[in-house]
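As structure tokens, the structure follows; a few thoughts come after it.
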2 protein chains.
Amino acid sequence: MPPYDPSAFPPFAVTVDLVVLTVRHHALCALAIRRGEPPYQGRWALPGGFVRVDEDLGDAAARELAEETGLRAQNGAHLEQLATYGDPHRDPRMRVVSVAHLVLAPDLPAPRAGGDARSARWAPVTELLHDGAALAFDHARILADGVERARSKIEYSSLATAFCPPEFTVGELRRVYEAVWGVALDPRNFHRKVTGTPGFLVPTGGTTTRQGGRPAQLFRAGGAALLNPPMLRPEV
Amino acid sequence: MPPYDPSAFPPFAVTVDLVVLTVRHHALCALAIRRGEPPYQGRWALPGGFVRVDEDLGDAAARELAEETGLRAQNGAHLEQLATYGDPHRDPRMRVVSVAHLVLAPDLPAPRAGGDARSARWAPVTELLHDGAALAFDHARILADGVERARSKIEYSSLATAFCPPEFTVGELRRVYEAVWGVALDPRNFHRKVTGTPGFLVPTGGTTTRQGGRPAQLFRAGGAALLNPPMLRPEV
DNA sequence: TCAAAAGTGTTAAATGTACACCCATGG
DNA sequence: CCATGGGTGTACATTTAACACTTTTGA
């Protein structure tokens, strides 16, 4: 790396953007914020903000997440770095490099953006990625990358449990997979598969009938991060 | 995203670092550059440099790759973004955010760094990640992340062919998998598997005896990016 | 009593694994 | 001739996929 010559390499602004995903009403949804000022005033965008001088990237993402949603990354939600976007013209005001992060959260929280519920909402990703939605900046691309990451990662990791409350049933977990992948899964084979994968689920002993029908066992996420064997996504 | 207030958010330097991997002598190797100046003078580091004002991140990575190795990303080599590292103290001089990229290249090229071969070399990753090696900055962590990405990605994508010359044999491809994963694979089952995976390999019609023994068919990489079924890495 | 969701059993097909065996070359 | 790597056949174990069937609740 050559010595730093500020005149040859003007500085950049560095931001974090968040793809916050959850499953609501059997649909994969993302958190969107309505922009109150130019550019892209009035358009929907991903939550995000500037990284502070003394702050690591992951810390900045966690801080923005707490500020915009009240969610704590500790508390069930999963936070990981997604990718970095640095097209010279992605922001018309200046040169901004944005480190996008992916958050997977349970359905519980109601969005709040500075206390103004009208300017933040959960929207189905199909809607946000539709041609007419026209998210601000390159946020459609970032959202699409985040959704793709989530779709592939629940296949070989235990991350699908991050979409569930602390205690959940096999059926609830199955509906997460169905919503994220957009397919129907055989409930009987799914049950055998997840309960047979070591470290994925641990029974809490309790049961619930909140989904109707016969009482279902309650589970919480086991320690395993990687699933072996993986969940198989039905082919396209 | 709030308005940009430069006094509140001092600027960052943005760099790209490169994890350039190849397979030489049955070992997974990475390109290392010896630092000629402080900090970490005399220590080995990953190649990299500052992103220019009007340059996208991928373009900066491709440019650095060409400058430091003569490799063109077009020509067989594979280039993808890896991850971004932004710890406030990762560079003692100033706040630097580095967007690491991963390059997979065939064995052919001899390293050259500004024409000085003594200051650039291919080193086995086991050696570079050994405690005594002490790569500069956080480059050991970046290299480890790149190796892990390569190990998992050749499992479900056709990327292993990026380590091979334009035409290669099944045995040569197998030795790539063995070097990257550090395991021995059954040559017979491997042959059936790769030739049976649609879109992975297309025969060129030629044969070669460069590995000795019976002449082997030559193949080139097929169009498929994702392997279905995936190659299975033998369990640990 | 019925609908709904949970959970178990069973079977056929597909896939993975181990290894015996033959093939075609260079030395 | 023989060592070396290339390639095919085959048998067995494991996994997947489809679906019949039983269980336990609330309405």
Side-chain angles (χ1 to χ4, degrees), chain A residues 23 25-26 155-156 164-165 167-179 181 183-198 200-220 226-236, chain B residues 23 25-26 154-156 164-165 167-179 181 183-220 226-236:
Chain A
V23 173
H25 315 305
H26 292 195
E155 206 163 348
Y156 59 88
C164 296
E167 294 200 351
F168 52 89
T169 69
V170 171
E172 288 162 352
L173 182 62
R174 176 170 49 81
R175 281 180 276 277
V176 164
Y177 276 92
E178 292 179 331
W181 284 345
V183 297
L185 299 174
D186 185 305
R188 297 146 313 176
N189 292 335
F190 182 88
H191 186 281
R192 231 191 315 266
K193 180 105 188 185
V194 295
T195 55
T197 298
F200 195 4
L201 302 182
V202 296
T204 65
T207 62
T208 182
T209 58
R210 62 186 176 224
Q211 300 289 342
R214 167 177 168 180
Q217 279 184 269
L218 284 167
F219 296 85
R220 55 181 178 76
L226 260 38
L227 300 185
N228 202 296
M231 302 298 299
L232 287 185
R233 167 156 46 162
E235 52 209 76
V236 197
Chain B
V23 174
H25 314 307
H26 293 193
I154 63 173
E155 208 163 345
Y156 59 89
C164 297
E167 295 201 349
F168 54 89
T169 70
V170 171
E172 288 162 352
L173 182 63
R174 176 171 48 82
R175 281 179 277 278
V176 164
Y177 275 92
E178 291 179 330
W181 284 345
V183 296
L185 300 174
D186 185 306
R188 297 148 309 179
N189 292 334
F190 182 88
H191 186 282
R192 230 192 315 266
K193 181 105 188 184
V194 295
T195 55
T197 298
F200 195 4
L201 303 181
V202 297
T204 66
T207 62
T208 181
T209 59
R210 64 188 175 221
Q211 300 288 344
R214 169 176 168 180
Q217 278 184 269
L218 284 168
F219 296 85
R220 55 183 178 75
L226 261 39
L227 300 186
N228 202 299
M231 303 296 301
L232 287 185
R233 168 155 45 162
E235 51 208 77
V236 198

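Sequence lines set the chain letters: A, B, ... in the order given, protein chains first and strands last, and positions in each chain run from 1. Everything quoted here is computed from the prediction, not taken from an experiment.
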_Where protein sits on nucleotides 7-12 of chain C, one letter per nucleotide: B base, S sugar-phosphate only, - none, heavy atoms under 4.0 Å_ = BBBB--

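Residues in residues 190-203 of chain B take part in no salt bridge (charged side-chain N to carboxylate O under 4.0 Å, His left out) pair, two or more places apart or across chains. Within the structure, no pair that satisfies the salt bridge (charged side-chain N to carboxylate O under 4.0 Å, His left out) test touches residues 197-207 of chain B, not counting sequence neighbours.
For Arg174(B), the salt bridge (charged side-chain N to carboxylate O under 4.0 Å, His left out) partners are Glu178(B), not counting sequence neighbours. The salt bridge (charged side-chain N to carboxylate O under 4.0 Å, His left out) search around Arg214(B) returns none, not counting sequence neighbours. Under the side-chain contact (heavy atoms from CB on, under 4.5 Å) criterion, Asn228(A) pairs with no residue at all, not counting sequence neighbours. The ring pair (Phe, Tyr, Trp, His ring centres under 6.0 Å) check on Tyr177(A) picks up Trp181(A), Phe190(A), with sequence neighbours excluded.
Here the C1' atom of nucleotide dT15(C) and the CG atom of Leu232(A) are 11 Å apart, to the nearest Å. Distance CG (Leu218(A)) to P (dA6(C)): 11 Å, rounded to an integer number of Å.
Between Glu155(B) and Arg233(B) there is a salt bridge, since a side-chain N of the basic residue sits under 4.0 Å from a carboxylate O of the acidic one.
Heavy atoms of Arg174(A) sit under 4.0 angstrom from primed sugar atoms or phosphate atoms, though from no base atom.
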Without placing hydrogens or testing angles, list every side-chain donor-acceptor pair under 3.5 Å for residues 199-209 of chain B, not counting sequence neighbours.
unit_1: Thr204(B); atom_1: OG1; unit_2: Gly206(B); atom_2: N; d: 3.3
unit_1: Thr204(B); atom_1: OG1; unit_2: Leu218(B); atom_2: O; d: 3.4
unit_1: Thr208(B); atom_1: OG1; unit_2: Arg210(B); atom_2: N; d: 3.1

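The residue among Asp186(A) and Gly212(A) whose nearest nucleotide of DNA chain D lies closer to the 5′ end is Asp186(A).
In summary, contact between chain A and DNA chain D, defined as any nucleotide atom under 4.0 Å from a heavy atom of the protein, begins and ends at dT16(D) to dT25(D) in the 5' to 3' direction.
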